Colleague: 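I'd like to ask you about the structure that follows.
We count ligands from 1, going down the list as the structure has it; atoms in each ligand are counted the same way. Just so we're clear, the structure is a prediction, and the values are computed from it rather than from any experiment.
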Amino acid sequence: MTKLKSLLKAGFKMKTEIFEITDPVKDLPAILYAADVIKNGGLVAFPTETVYGLGGNALDENAAKKIYSAKGRPSDNPLIVHISDPDQASLYTYIEDPSAKLYMDHFWPGPLTLVMNKKPVIPDQVTAGLQTVGLRCPSHQVARTLIREAGVPIAAPSANLSGRPSTTEASHVIDDLNGRVDVILCQGSSVYGLESTVLDITVKPAVILRPGFITWEDLSCISRDVLQSSDSSVKDDIPKAPGMKYRHYAPKAKIILVRGDTDKASEYIRRMVKSNTDEKACVLTVNECAHEFEGLCTFDLGCLSNPPQIAANLFSVLREIDKTDTDVIYSMYLSGKGLFISIMNRLKKAAGDYIVDV
Ligand code: TXA
Ligand code: MG
């Protein structure tokens, strides 16, 4: 039995309290209750503008251990530390790079995680033994209120079981974490739907370890010294962002990405779906190409002309497919720059890099 399986089988029977937050001001008592749980070493799943997070006190090594265990996450994969105000960054990190302030001023609060050298107050369990820490100041009002009221930074990976698609709706979090955390704060769908961009500024030039909603183009407006992740996320087989080496975001069905011009790719997919009588095959497509697959089982990611919409839908659609009996998904490869780099980063990981060129 793999470690993850045995962790999942170990059975978590804790009672999870679930609160619906419709208005962070009116529902402040629920957020205050959750903040108390964090202060006392418990775990709280909460909404952010990127994906839901699974949070615990970032200054408490036992809380970090609980996070790894609740998620079934390998302990060599560091956690991101969330602060409620950009000014708190200097409490937990050494801000050596002059451009750090520029990134913070420009993108915080928001979906950018900066990897910087950590101060000793952040326990090694949080950073999986690294001397750096990924720091992020989210813009979501519930997240910021929770962190502020807890009075401590909150360590939070995405609130999904390890290896599963990230959670962008409260129902996803309940599916994965009910019985495994103390509290779940629910507030609708995540606005961006893709996890934050992780930028390592301890090196020169800075390196995007994980592309996210903030693109290389956005970062390059602030500093010309930024490398794309594909150049460097794995060097000499040592992944720079430990999380990037694992198969991620994987639905239960196998995903095959089909790369080529639209006509050829659609023709190939139609042929494969029709000839595959042994397995239930579906197509993952976009609005503009849906007509190519009439009569077949399709899942629509949104409009190619609206990449933020595709980003926001991606994990939700992968989870929707999980609820069906689909065995194999043929997906159009969405080529492009900017946000398409981040979208394809997640889809390639979900597909375990299974790409067919036509
Ligand atoms: O949007 C997000 O970033 C969400 C929300 C909850 O804030 N969090 C999130 O955390 O996606 P997680 O743990 O699922 O992904 C964090 C990624 C992993 O790939 C991890 O290896 C990398 O960031 N990371 C964290 N700290 C790092 C560090 N010190 N050095 C290099 N990579 C780091
Ligand atoms: Mg994650």
Colleague: Using a heavy-atom cut-off of under 4.0 Å, does the side chain or the backbone of Q131 touch ligand 1, or both, or neither?
Modeller: neither
Colleague: Do R164 and N160 have side-chain atoms, one donor and one acceptor, less than 3.5 Å apart?
Modeller: no
Colleague: Check T127 against ligand 1 and report side chain, backbone, both or neither, counting heavy atoms closer than 4.0 Å.
Modeller: neither
Colleague: Which one of S162, P138, P78, A128 has a non-hydrogen atom at the shortest distance from atom 33 (C) of ligand 1?
Modeller: P78
Colleague: Check whether any N or O atom of S196, backbone or side chain, sits under 3.5 Å from an N or O atom of ligand 1, and answer yes or no.
Modeller: yes
Colleague: Looking only at N/O atoms, are T113 and ligand 1 under 3.5 Å apart anywhere?
Modeller: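 For ligand 1, there is no N or O atom that lies under 3.5 Å from one belonging to T113.
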Colleague: Given H140, R210, E195, K118, which one has a non-hydrogen atom that is nearest to atom 15 (O) of ligand 1?
Modeller: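 Residue with the shortest heavy-atom distance to the ligand atom: R210.
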Colleague: If we ignore angles and hydrogens, is there a donor and acceptor under 3.5 Å between the side chains of S99 and D97?
Modeller: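 Per modelled atom types, S99 and D97 side chains form a pair under 3.5 Å.
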Colleague: Are Y68 and S162 close enough that some pair of their side-chain heavy atoms sits under 4.5 Å apart?
Modeller: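 No, every pair of side-chain atoms sits at 4.5 Å or beyond.
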Colleague: Would you say ligand 1 has an N or O under 3.5 Å from any N or O of H82?
Modeller: yes
Colleague: Select one of side chain, backbone, both or neither to describe which atoms of T132 lie under 4.0 Å from any atom of ligand 1, heavy atoms only.
Modeller: both
Colleague: Closest by any non-hydrogen atom to atom 23 (O) of ligand 1: pick that one out of V198, L209, L130.
Modeller: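 When every heavy atom of V198, L209, L130 is considered, V198 comes closest to atom 23 (O) of ligand 1.
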Colleague: Can you name the atoms of ligand 1, numbered from 1 with element, that are less than 4.0 Å from a heavy atom of V133?
Modeller: 29 (N)
Colleague: Check each of L199, T50, D200 against atom 5 (C) of ligand 1 and report the one with the nearest heavy atom.
Modeller: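 Checking each option, the heavy atom nearest atom 5 (C) of ligand 1 is found in T50.
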Colleague: First locate atom NZ of K71, then atom OG of S158, and finally report the distance between them rounded to the nearest 0.5 Å.
Modeller: 3.5 Å
Colleague: Say whether S316 and N313, considering side chains only, have a donor N or O and an acceptor N or O under 3.5 Å apart.
Modeller: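 No, because no side-chain N or O of S316 sits under 3.5 Å from a partner of the opposite role on N313.
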Colleague: Does a side chain donor of either S69 or R180 reach within less than 3.5 Å of an acceptor in the other side chain?
Modeller: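 Side chains of S69 and R180: no pair found under 3.5 Å.
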Colleague: Of all the atoms in ligand 1, which lie at a distance below 4.0 Å from a heavy atom belonging to G134?
Modeller: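 So the atoms of ligand 1 that pass are 26 (N), 29 (N).
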Colleague: Indicate if the distance from the Mg ion (ligand 2) to the nearest N, O or S atom of S158 falls below 2.8 Å.
Modeller: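 Yes, S158 qualifies, because one of its backbone or side-chain N, O or S atoms lies under 2.8 Å.
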Colleague: Any side-chain donor paired with an acceptor under 3.5 Å for T145 and Q141?
Modeller: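 Note: T145 and Q141 side chains miss the donor-acceptor criterion.
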Colleague: Between E49 and R136, does any NZ, NE, NH1 or NH2 come within less than 4.0 Å of an OD or OE carboxylate oxygen?
Modeller: yes
Colleague: So which atom in T132 and which in T127 form the shortest heavy-atom distance, rounded to 0.1 Å?
Modeller: O-CG2, 3.3 Å
Colleague: Check this for me, if you would: do K348 and D353 make a salt bridge, where the nitrogen-to-carboxylate-oxygen distance has to be below 4.0 angstrom?
Modeller: no
Colleague: Check contact between A156 and ligand 1, using heavy atoms of the residue and a distance below 4.0 angstrom.
Modeller: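 In this structure, A156 qualifies as a contact of ligand 1 - some heavy atom is under 4.0 Å.
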Colleague: Checking contacts here: is it the side chain or the backbone of S158 that comes within 4.0 Å of ligand 1, counting heavy atoms only? Could be both or neither.
Modeller: both
Colleague: Do you see a donor-acceptor pair shorter than 3.5 Å between the side chains of E292 and T285?
Modeller: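 Absent: no donor and acceptor within the cut-off.
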Colleague: At less than 4.0 angstrom from any non-hydrogen atom of N77, what atoms of ligand 1 do you find?
Modeller: 18 (C), 20 (C), 21 (O)
Colleague: Do any nitrogen or oxygen atoms of R73 lie less than 3.5 angstrom from nitrogen or oxygen atoms of ligand 1?
Modeller: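 Yes, R73 has an N/O under 3.5 Å of an N/O on ligand 1.
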Colleague: Counting each atom of ligand 1 from 1 as listed, which ones have a heavy atom of V51 under 4.0 Å away?
Modeller: 4 (C)
